[in-house]
S.K.: 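Handing you a structure now.
Note that ligands are numbered from 1 as they come in the structure, with each ligand's atoms numbered from 1 the same way.
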Amino acid sequence: MLNFQLHMPTRILFGAGEVEKAGEEAAQYGRKLLLVTGRTATKKTGVLDRVVRSLQTAGLEVLVFDRIEPNPRAATIDEGGRIAREAKCNAVIALGGGSVMDAAKAIATVAVSNRPIHEYLAGGQTGLWKELLPIREALPVITIPTLAATGSEANSIAVVTNWETKEKASISGPALFPVVAILDPELTYTVPASYTADGCADIFTHLYEGYLTGEGNAHVQDEITEGLMRTVIRFSRTVLDDPTNYEARAAILWASTLALIGIAGAGRGGSFPLHQMEHPLSGHYDISHGRGLAILAPAYFRHVYRDRPERFARMGRRVFGVQETDDLKAAEAAIAAVEAWFAEIGVAGSLKKQGIPRDALARMAADAVRIGGRGNGFIPGIRELREPDVLAIYEACYE
Ligand code: NZQ
Ligand code: ZN
């Protein structure tokens with residue numbers, strides 16, 4: 001196991017009805033809040049009204065900023081930041097999926113620094129790797145996830161798209177850790193089947209990225225990761241059959257948080273090549289992040305598994321019950337098992353079916369390597385992925 005540091009400062013409240021505590025929690029961080037949310041879902045489900053009422057009952061003044069789009073855009077974030085700054089808000093509260101939570105973190109940054117968010121994004125200067133502006137300060141952020149997927153509720157990452165340049169990149173820094181995360185599984189009952197399944201694919205990908213690419217001797221982390229993978233697979237089926245099954249929604253929501261708050265990946269190193277290849281897809285064509293990951297995964301696996309069959313084989317045996325003793329054959333069985341699960345939950349597909357034109361693949365491959373490769377000319381992982389590799393992977397899942 002490698003040496004590591006782990007910092008997880010977010011206080012987590014978990015359980016049915018916990019959303020009602022939004023007011024008393026937020027009151028610890030100021031009197032005036034910007035409530036950041038999406039354009040439709042939280043109004044339709046009534047949860048926005050519930051949270052506003054809870055905040056007002058606690059004597060807080062609330063401004064609602066309900067303009068966050070999926071794959072949140074830099075211009076919208078800059079506008080939210082301006083409003084929070086001018087209104088002198090003391091804190092930002094995010095109510096929604098990963099897009100809303102990421103946007104809230106970015107808004108909390110812009111509100112303090114008064115600099116456009118694109119100045120913080122990797123690849124901000126087309127054709128070059130641009131050193132990130134460090135994020136030293138942000139307003140306190142409180143998260144209330146309504147969708148289980150990204151883990152953004154308790155990590156220090158935000159992913160933002162500069163819609164003008166179509167560059168999608170992440171920012172992170174200790175100032176972006178939410179101060180409190182209120183995880184109420186009942187809020188995820190209304191997530192439609194397609195986004196529920198996309199979210200499960202995203203959680204699963206957060207787990208296997210480090211597992212497949214990192215050191216193979218982080219035994220505690222491997223056991224945790226495999227347990228979370230089995231949990232996601234098992235309960236993905238339940239939540240799709242029975243969307244208001246509390247135990248299943250609770251298991252998926254908690255797995256989504258645990259998958260990306262540093263515990264599963266600590267001491268392993270590893271990288272996130274699938275994510276670096278997906279971000280240009282959702283950055284250019286606004287597709288669902290989890291769906292993009294699921295489409296790319298089998299092609300990516302087949303591109304690299306022969307370089308490290310033992311990790312794929314282990315995933316196959318421990319997570320999918322593969323019995324094969326030969327590592328190469330077990331690795332192939334693992335890939336087939338992932339594909340079968342993706343097909344079962346309805347996330348399998350092709351880039352073409354997502355409306356992506358073939359002649360866009362080369363530019364997206366260049367973006368993936370430039371932004372995801374951080375100026376090194378390749379995306380790190382099991383194998384260094386250069387532009388021709390990324391293009392070959394996109395081509396392999398195009399039709
Ligand atoms: O648009 P609204 O009205 O908000 O509706 C949303 C959206 O259309 C809807 N939804 C959310 N909660 C709902 C609901 N519908 C009914 N009932 C509810 N309870 O679902 C749609 C998708 O929401 P979105 O927030 O876009 O999905 P997700 O949580 O998957 O977030 C995706 C974003 O997070 C980034 C992705 O790149 C993408 O931009 N990621 C963030 C990460 C992080 N911060 O750590 C890591 C991830 O790997 C990922 O890159
Ligand atoms: Zn993800």
Side-chain angles (χ1 to χ4, degrees), residues 10 19 36-48 50-51 65-74 76-77 94-106 141 143-161 163 167-173 176-178 181 184-210 239 243-244 249 252-253 256-257 259-262 265 272-283 286-294 296-297 347 371-372:
T10 304
V19 66
V36 175
T37 194
R39 293 179 294 199
T40 321
T42 58
K43 287 182 214 99
K44 234 164 108 182
T45 61
V47 70
L48 177 60
R50 278 175 77 192
V51 171
F65 185 67
D66 61 356
R67 272 182 262 158
I68 306 304
E69 53 285 277
N71 302 314
R73 298 183 185 180
T76 314
I77 284 158
L95 178 67
S99 296
V100 164
M101 294 187 283
D102 286 3
K105 293 173 185 173
V141 175
T143 54
I144 309 180
T146 62
L147 193 163
T150 61
S152 182
E153 54 272 17
N155 69 32
S156 62
I157 306 165
V159 187
V160 175
T161 300
W163 194 247
E167 287 169 312
K168 184 172 187 180
S170 54
I171 55 173
S172 69
L176 296 188
F177 276 111
D184 187 332
E186 290 182 343
L187 303 188
T188 67
Y189 284 176
T190 52
V191 180
S194 63
Y195 285 128
T196 298
D198 293 350
C200 290
D202 191 23
I203 302 166
F204 184 69
T205 309
H206 296 159
L207 292 163
Y208 74 63
E209 291 258 55
V239 289
T244 59
R249 287 288 192 185
I252 295 286
L253 181 58
S256 81
T257 308
L260 209 58
I261 55 172
F272 273 58
L274 244 280
H275 276 71
Q276 304 306 352
M277 288 189 282
E278 191 295 312
H279 283 159
L281 308 182
S282 48
D286 223 4
I287 70 169
S288 160
H289 167 64
R291 186 65 55 103
L293 293 171
L296 292 175
V347 296
I371 300 171

S.K.: Would you mind telling me if ligand 1 is within reach of the side chain of Ser288, the backbone, both or neither, using heavy atoms under 4.0 Å?
M.R.: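 Looking at Ser288 and ligand 1, no heavy atom falls under 4.0 Å.
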
S.K.: For ligand 1, is there an atom lying under 4.0 Å from some heavy atom of Ser170?
M.R.: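 Ser170 does not count as a contact of ligand 1 under the 4.0 Å cut-off.
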
S.K.: Report, in ascending order of atom number, the atoms of ligand 1 lying under 4.0 Å from any heavy atom of His206.
M.R.: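 Those qualifying, in numeric order: 47 (C), 48 (O).
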
S.K.: For Val191, does its backbone N or O pair with a side-chain atom of Thr196 as donor and acceptor, under 3.5 Å?
M.R.: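 Yes, the answer is positive, given that a donor and an acceptor are paired below the 3.5 Å cut-off.
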
S.K.: To the closest 0.5 Å, what do you measure between CD1 (Ile203) and CG (Leu293)?
M.R.: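 Ile203 CD1 to Leu293 CG: 11.5 Å, rounded to 0.5 Å.
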
S.K.: Could you tell me, atom by atom, which parts of ligand 1 come under 4.0 Å of a heavy atom of Ser152?
M.R.: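 Ligand 1 atoms under the 4.0 Å threshold to Ser152: 43 (C), 44 (N).
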
S.K.: Taking Lys105 for its side chain and Met101 for its backbone only, find out whether a donor-acceptor pair lies under 3.5 Å.
M.R.: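 Side chain of Lys105 to backbone of Met101: no pair is present.
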
S.K.: Non-hydrogen atoms of Lys43 versus ligand 1: any pair closer than 4.0 Å?
M.R.: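 Outside the 4.0 Å threshold, so no.
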
S.K.: Check each of Asp102, Thr205, Leu48 against atom 44 (N) of ligand 1 and report the one with the nearest heavy atom.
M.R.: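 Heavy atom nearest to atom 44 (N) of ligand 1 belongs to Asp102.
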
S.K.: In ligand 1, which numbered atoms sit nearer than 4.0 Å to a non-hydrogen atom of Thr40?
M.R.: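 Per the distance check, 3 (O).
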
S.K.: Which one holds for Ser99 and ligand 1: side chain close, backbone close, both close, or neither close, with close meaning a heavy atom under 4.0 Å?
M.R.: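 Looking at Ser99 and ligand 1, atoms from backbone and side chain both fall under 4.0 Å.
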
S.K.: Which heavy atom in Val347 sits nearest to a heavy atom in Ala201, and how many Å separate them?
M.R.: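 Where Val347 meets Ala201 most closely, the heavy atoms are CG2-CB, 4.3 Å.
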
S.K.: Going by distance only, is there an N or O of Gly98 that falls short of 3.5 Å from an N or O of ligand 1?
M.R.: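 Yes, there is a polar N/O contact under 3.5 Å.
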
S.K.: Taking 4.0 angstrom as the limit and counting only heavy atoms of Asn71, give me the atoms of ligand 1 inside it, by number and element.
M.R.: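 This gives 38 (C), 39 (O) as the contact atoms.
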
S.K.: Could you check whether any side-chain N or O of Glu209 sits under 3.5 Å from a backbone N or O of Leu274, counting only pairs where one atom can act as donor and the other as acceptor?
M.R.: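 Yes, the answer is positive, given that a donor and an acceptor are paired below the 3.5 Å cut-off.
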
S.K.: Quick one: nearest non-hydrogen protein atom to atom 12 (N) of ligand 1, plus distance?
M.R.: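 Ranking protein heavy atoms by distance from atom 12 (N) of ligand 1, first comes Thr146 OG1, 2.7 Å.
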
S.K.: What residue and atom, counting heavy atoms only, is the protein's closest point to atom 39 (O) of ligand 1, and at what distance?
M.R.: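 Closest protein heavy atom to atom 39 (O) of ligand 1: Lys168 NZ, 3.1 Å.
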
S.K.: Consider side chain to side chain donor-acceptor pair (under 3.5 Å). Of Asp286, Thr161, Asp102, which one does Asn71 pass it with?
M.R.: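 For Asn71, the side chain to side chain donor-acceptor pair (under 3.5 Å) check succeeds only for Asp286.
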
S.K.: Does the side chain of Ser152 come within less than 4.5 Å of Thr143's, by heavy atoms?
M.R.: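 Heavy-atom side-chain distance check fails, nothing below 4.5 Å.
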
S.K.: Suppose we measure from atom 18 (C) of ligand 1 to each protein heavy atom; which comes out shortest, and what is that distance?
M.R.: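 That would be Thr190 OG1, 3.4 Å.
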
S.K.: Numbering the atoms of ligand 1 from 1, which are under 4.0 Å from a heavy atom of Pro192?
M.R.: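 Answer for ligand 1: 15 (N), 16 (C).
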
S.K.: For Asp184 and Val19, indicate whether the former's side chain and the latter's backbone hold a donor-acceptor pair under 3.5 Å.
M.R.: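 Such a contact is found between Asp184 side chain and Val19 backbone.
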
S.K.: Decide whether an N or O pair under 3.5 Å exists between Leu187 and ligand 1.
M.R.: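 Between Leu187 and ligand 1 (N or O atoms, distance only) the closest approach is under 3.5 Å.
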
S.K.: Give me the nearest non-hydrogen protein atom to atom 21 (C) of ligand 1 as residue plus atom name, then the distance to 0.1 Å.
M.R.: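 Atom 21 (C) of ligand 1 sits closest to the protein heavy atom Tyr195 CE1, 3.4 Å.
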
S.K.: Of all N/O/S atoms in His275, which lies nearest to the Zn ion (ligand 2)?
M.R.: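 Restricting His275 to its N, O and S atoms, the minimum distance to the Zn ion (ligand 2) goes to NE2.
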
S.K.: Do me a favour and list the nearest non-hydrogen protein atom to atom 45 (O) of ligand 1 with residue, atom name and distance?
M.R.: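 It is Asn155 ND2, 2.9 Å.
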
S.K.: Which protein heavy atom lies closest to atom 30 (O) of ligand 1, and at what distance to 0.1 Å?
M.R.: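 Sorting protein heavy atoms by distance from atom 30 (O) of ligand 1 puts Ala149 CB, 3.8 Å first.
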
S.K.: Can you pull out the closest protein heavy atom to atom 5 (O) of ligand 1? Residue, atom name and distance to 0.1 Å, please.
M.R.: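 Checking every protein heavy atom, the shortest distance to atom 5 (O) of ligand 1 gives Ala41 CB, 3.6 Å.
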
S.K.: Measure the distance from atom 8 (O) of ligand 1 to every protein heavy atom, then report the residue, atom name and distance (to 0.1 Å) of the closest one.
M.R.: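 Result: Pro70 CG, 3.8 Å.
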
S.K.: Does any N or O in the side chain of Thr37 come within less than 3.5 Å of the main-chain N or O of Leu95, such that one atom is a donor and the other an acceptor?
M.R.: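 Such a contact is found between Thr37 side chain and Leu95 backbone.
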
S.K.: Checking the N or O distance criterion of under 3.5 Å, is ligand 1 in contact with Glu278?
M.R.: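 It does not: no N or O of Glu278 is found under 3.5 Å from an N or O of ligand 1.
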
S.K.: Enter the distance from Thr76:OG1 to Trp163:CH2 here, rounded to the nearest 0.5 Å.
M.R.: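 Between Thr76 OG1 and Trp163 CH2, I get 11.0 Å after rounding to 0.5 Å.
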
S.K.: Please calculate the NE2(His289)-the Zn ion (ligand 2)-NE2(His206) angle and round it to 10 degrees.
M.R.: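 About 170° at the Zn ion (ligand 2).
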
S.K.: For Pro72, take its heavy atoms, then give the atoms of ligand 1 lying under 4.0 Å from any of them.
M.R.: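 Here the atoms of ligand 1 in question are 39 (O).
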
S.K.: Kindly say whether Val159 contributes a backbone atom to a donor-acceptor pair with the side chain of Lys168 at under 3.5 angstrom?
M.R.: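 Looks like no, no N/O pair under 3.5 Å.
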
S.K.: From the N, O or S atoms in Asp202, identify the one nearest to the Zn ion (ligand 2).
M.R.: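 Considering only N, O and S atoms, Asp202 comes nearest to the Zn ion (ligand 2) through OD1.
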
S.K.: Give the atoms of ligand 1, by number and element, whose distance to some non-hydrogen atom of Gly38 is under 4.0 Å.
M.R.: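 Under 4.0 Å from Gly38, ligand 1 has these atoms: 4 (O).
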
S.K.: Using 0.5 Å steps for rounding, measure from the OG1 atom of Thr205 to the NE2 atom of His275.
M.R.: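 Here the interatomic distance stands at 6.0 Å.
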
S.K.: Looking only at heavy atoms, which two atoms of Pro72 and Ile77 are closest? And how far apart?
M.R.: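 Residues Pro72 and Ile77, closest heavy atoms: CB-CD1, 4.3 Å.
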
S.K.: Would Val159 count as a polar contact of ligand 1, with the cut-off being nitrogen or oxygen pairs under 3.5 Å?
M.R.: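 No, there is no polar N/O contact under 3.5 Å.
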
S.K.: For Ile252 and Thr188: C-alpha separation, side-chain torsions, deciding distance, then whether side-chain contact (heavy atoms from CB on, under 4.5 Å) applies.
M.R.: CA-CA 10 Å; Ile252 295 286; Thr188 67; over 6 Å; no

S.K.: Looking at His275, which atoms of ligand 1 are within less than 4.0 Å of one of its heavy atoms?
M.R.: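 What qualifies from ligand 1 is 48 (O).
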
S.K.: Roughly how far, to the nearest 0.5 Å, is CZ of Phe177 from CG of Asn155?
M.R.: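 That separation rounds to 7.0 Å.
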
S.K.: If I take atom NE2 from residue His206 and atom OG1 from residue Thr257, how far apart are they, to the nearest 0.5 angstrom?
M.R.: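 The OG1 atom of Thr257 is 11.5 Å from NE2 of His206, to the nearest 0.5 Å.
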
S.K.: Which of the listed options, Thr150, Thr45, Val47, Thr188, holds the heavy atom that is closest to atom 42 (C) of ligand 1?
M.R.: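 Answer by nearest heavy atom: Thr150.
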
S.K.: If you measure from NE2 on His279 to NE2 on His289, what distance do you get to the nearest 0.5 Å?
M.R.: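 Here the interatomic distance stands at 4.5 Å.
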
S.K.: Just to be sure I read this right, does ligand 1 sit under 4.0 Å from the backbone of Leu260, its side chain, both, or neither, counting only heavy atoms?
M.R.: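 Answer for Leu260: side chain.
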
S.K.: Considering only heavy atoms, does His279 approach ligand 1 within less than 4.0 Å through its side chain, its backbone, both, or neither?
M.R.: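 His279 to ligand 1: side-chain contact only, backbone stays beyond 4.0 Å.
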
S.K.: Run the side-chain hydrogen bond (donor to acceptor under 3.5 Å, both in side chains) test on Ser256 and Glu153 for me, step by step, so that the C-alpha distance in whole Å, both residues' side-chain angles and the decisive distance to 0.1 Å come before the verdict.
M.R.: CA-CA 9 Å; Ser256 81; Glu153 54 272 17; 3.2 Å; yes

S.K.: Within the side chain of Arg249, is there an N or O that forms a donor-acceptor pair under 3.5 Å with the backbone of Pro243?
M.R.: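 Between the backbone of Pro243 and the side chain of Arg249 there is a qualifying donor-acceptor contact (under 3.5 Å).
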
S.K.: For ligand 1 and Ser282, I'd like to know whether there is a polar contact (N/O to N/O, distance under 3.5 Å).
M.R.: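 Between Ser282 and ligand 1, no N or O pair is found under 3.5 Å apart.
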
S.K.: Please work out whether any backbone atom (N, CA, C, O) or any side-chain heavy atom from C-beta onward of His289 is under 4.0 Å from ligand 1, and answer side chain, backbone, both or neither.
M.R.: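 The answer is the side chain.
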
